[in-house]
2 protein chains.
Amino acid sequence: MTADKTLDIAPDWVDGETKALEAPHDHRAELRLWLRLLTCSTLVESEVRRRLREEFDSTLPRFDLMAQLERAADGMVLGEVSKRMMVSPGNITVLVERLTESGHLSRTTLPTDRRVQIIALTPFGRAEFEKMAARHADWISDLFAGLTPKDGGVLMDELAKLKRSIIASLGRGGA
Amino acid sequence: MTADKTLDIAPDWVDGETKALEAPHDHRAELRLWLRLLTCSTLVESEVRRRLREEFDSTLPRFDLMAQLERAADGMVLGEVSKRMMVSPGNITVLVERLTESGHLSRTTLPTDRRVQIIALTPFGRAEFEKMAARHADWISDLFAGLTPKDGGVLMDELAKLKRSIIASLGRGGA
DNA sequence: CAAAACAATTTTAAGCTTGAAATTTCTCCG
DNA sequence: CGGAGAAATTTCAAGCTTAAAATTGTTTTG
């Protein structure tokens with residue numbers, strides 16, 4: 001509601017990218033790039049978290065979980081959600097517990113395989129999610145508003161290349 | 001050590017960017033951009049966390065804290081560290097406690113103002129950090145290796161624009 | 001068919017993170 | 001000087017996150 005910490009301290013450090021590291025040879029360009037990426041991502045993420053809490057008394061993990069379910073009318077298997085959200089299965093268990101208690105989610109055991117849990121948004125959960133999603137889209141839109149469509153396109157393409165690079169590296173293993 | 005979860009499931013979801021959200025009007029381009037950014041950032045971050053744990057039995061927050069201190073030969077005030085790392089002061093307190101126990105950090109109360117805590121790397125802490133930093137730089141370098149220098153430059157520039165956009169939006173407040 | 005192997009999920013232990021309340025220590029004004 | 005108020009940090013309660021171990025249920029195979 002009032003000016004918050006993020007804004008107060010922004011002038012001091014936001015442009016510093018001070019999370020610097022030393023490099024033995026000269027991986028410095030990559031490090032700078034990574035730190036800048038991380039800074040952008042962190043700034044957006046904390047703002048989204050803050051607003052979800054303030055406006056909806058909710059959290060980003062809960063929002064993400066509901067977002068996964070939003071397009072799965074028939075619900076989704078717990079393990080599938082875990083993979084898509086890139087988080088550990090145990091994590092999902094806890095989130096689902098709370099969201100089920102609060103009436104946002106329903107959970108069913110698959111009759112043909114009683115190991116499998118299927119979770120889905122309840123109508124209430126879906127309605128709540130839609131409110132949040134609309135606001136969320138506005139927030140992101142504002143945060144990115146200073147980027148021209150052209151810049152957005154270029155950034156999108158470069159990030160696609162980066163993503164390929166990362167996945168390739170992960171595939172190569174400990175290289 | 002062995003092929004891990006991340007790699008196993010990668011083919012399934014990594015290219016899906018399924019954390020999708022619905023948009024009332026058409027903030028869709030910005031949303032896609034944000035999700036791609038977040039994906040890249042998350043992939044790199046979890047890989048770094050994993051390796052810090054495996055190779056050094058350490059964590060990213062500890063590494064980041066030491067990175068802050070690395071260039072401050074005379075140490076740093078706790079509050080300053082907290083601002084630079086963009087985390088809450090209470091968080092730093094806990095991290096410093098553990099890193100002090102393990103001998104990586106020293107902490108002193110400023111004689112002229114006994115509210116102020118000054119923390120610094122010990123020689124041991126500095127030596128440990130340098131090992132980690134060198135490996136860290138290698139990891140990042142590998143992850144970004146698929147990007148040409150030109151792409152790297154373009155990405156750097158676009159991210160700079162994005163950062164300005166984000167900060168401007170934060171400055172505008174709840175807009 | 002039973003046992004081993006496998007699969008999905010939950011539990012557990014540990015650590016990170018936050019916002020808010022509480023502490024401790026200054027500083028400044030009357 | 002003495003207290004109000006501000007500043008730096010710590011404590012607290014709650015929630016997130018993970019890896020690894022434990023459960024529960026299914027499938028495969030001898």
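Reminder, nothing fancy here: chain letters follow the sequence lines and each chain counts from 1. All values below come from the heavy atoms of this structure, side chains included, with hydrogens, waters and symmetry mates left out.
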Sugar-phosphate only, base, or nothing, as touched by B:Arg98 at under 4.0 Å among non-hydrogen atoms: sugar-phosphate
B:Glu158 and B:Lys161: CA distance, side-chain angles, deciding distance, salt bridge (Lys or Arg N to Asp or Glu O under 4.0 Å) verdict: CA-CA 5 Å; B:Glu158 293 299 331; B:Lys161 291 179 193 170; 3.7 Å; yes
Distance in angstrom units between A:Glu80 CD and C:dT9 P, rounded: 10 Å
Distance in angstrom units between B:Gln117 CD and D:dT11 P, rounded: 11 Å
Minimum-distance nucleotide (side-chain atoms of B:Thr93 versus D:dT10, C:dT9, C:dC26): D:dT10
Candidates C:dC16, D:dC16, D:dT18 - which lies nearest the side chain of A:Val87: D:dT18
B:Phe129 and B:Phe63 aromatic centres sub-6.0 Å: yes
B:Ile92 CD1 to C:dT17 P, straight-line distance once rounded to whole Å: 9 Å
Sugar-phosphate, base or nothing in reach of A:Val77, heavy atoms under 4.0 Å: sugar-phosphate
Distance test, side-chain N/O of B:Arg114 to OP1/OP2 of D:dA7, below 4.0 Å: no
Per A:Leu78 side chain, nearest of listed nucleotides C:dC26, C:dT10, D:dG15: C:dT10
D:dT18 phosphate, OP1 or OP2, under 4.0 Å from A:Asn91 side-chain N/O: yes
Under 3.5 Å: donor-acceptor pair, side chain of B:Ser58, backbone of B:Leu52: no
Among C:dT9, D:dT10, C:dG15, the nucleotide that comes nearest once only the side chain of B:Arg62 is considered: C:dG15
Touch class at under 4.0 angstrom, heavy-atom based, for A:Gly90 against every strand present: base
Candidate nucleotides C:dT9, C:dA7, C:dT25, ranked by approach to the side chain of A:Arg115 - the nearest: C:dA7
Sugar-phosphate only, base, or nothing, as touched by B:Arg53 at under 4.0 Å among non-hydrogen atoms: sugar-phosphate
Closest nucleotide among C:dT18, D:dC16, D:dT9 to the A:Leu95 side chain: D:dC16
Sugar-phosphate only, base, or nothing, as touched by B:Asp113 at under 4.0 Å among non-hydrogen atoms: sugar-phosphate
Under-4.0 Å salt bridge between A:Arg98 and A:Glu101: no
For atom CZ of A:Phe63 and atom C1' of D:dC16, their distance in whole Å: 17 Å
Flag side-chain contact, heavy atom, 4.5 Å: B:Leu95 against B:Arg62: yes
Value in whole Å for how far the C1' atom of D:dT18 lies from CD of B:Glu45: 14 Å
For atom CD1 of B:Ile119 and atom C1' of D:dT9, their distance in whole Å: 12 Å
Atom pair distance, as rounded to whole Å: CZ in B:Arg50 and C1' in D:dA20: 16 Å
Heavy-atom check, side chain of B:Met132 versus side chain of B:Met66, under 4.5 Å: yes
Residue B:Thr59, side-chain heavy atoms: nucleotide from D:dG25, D:dT17, C:dC16 that is nearest: C:dC16
Spacing of A:Glu97 atom CD relative to C:dT9 atom C1', expressed in whole Å: 11 Å
Nearest listed nucleotide, side chain of B:Pro61, among D:dG15, C:dT17, C:dT10: C:dT17
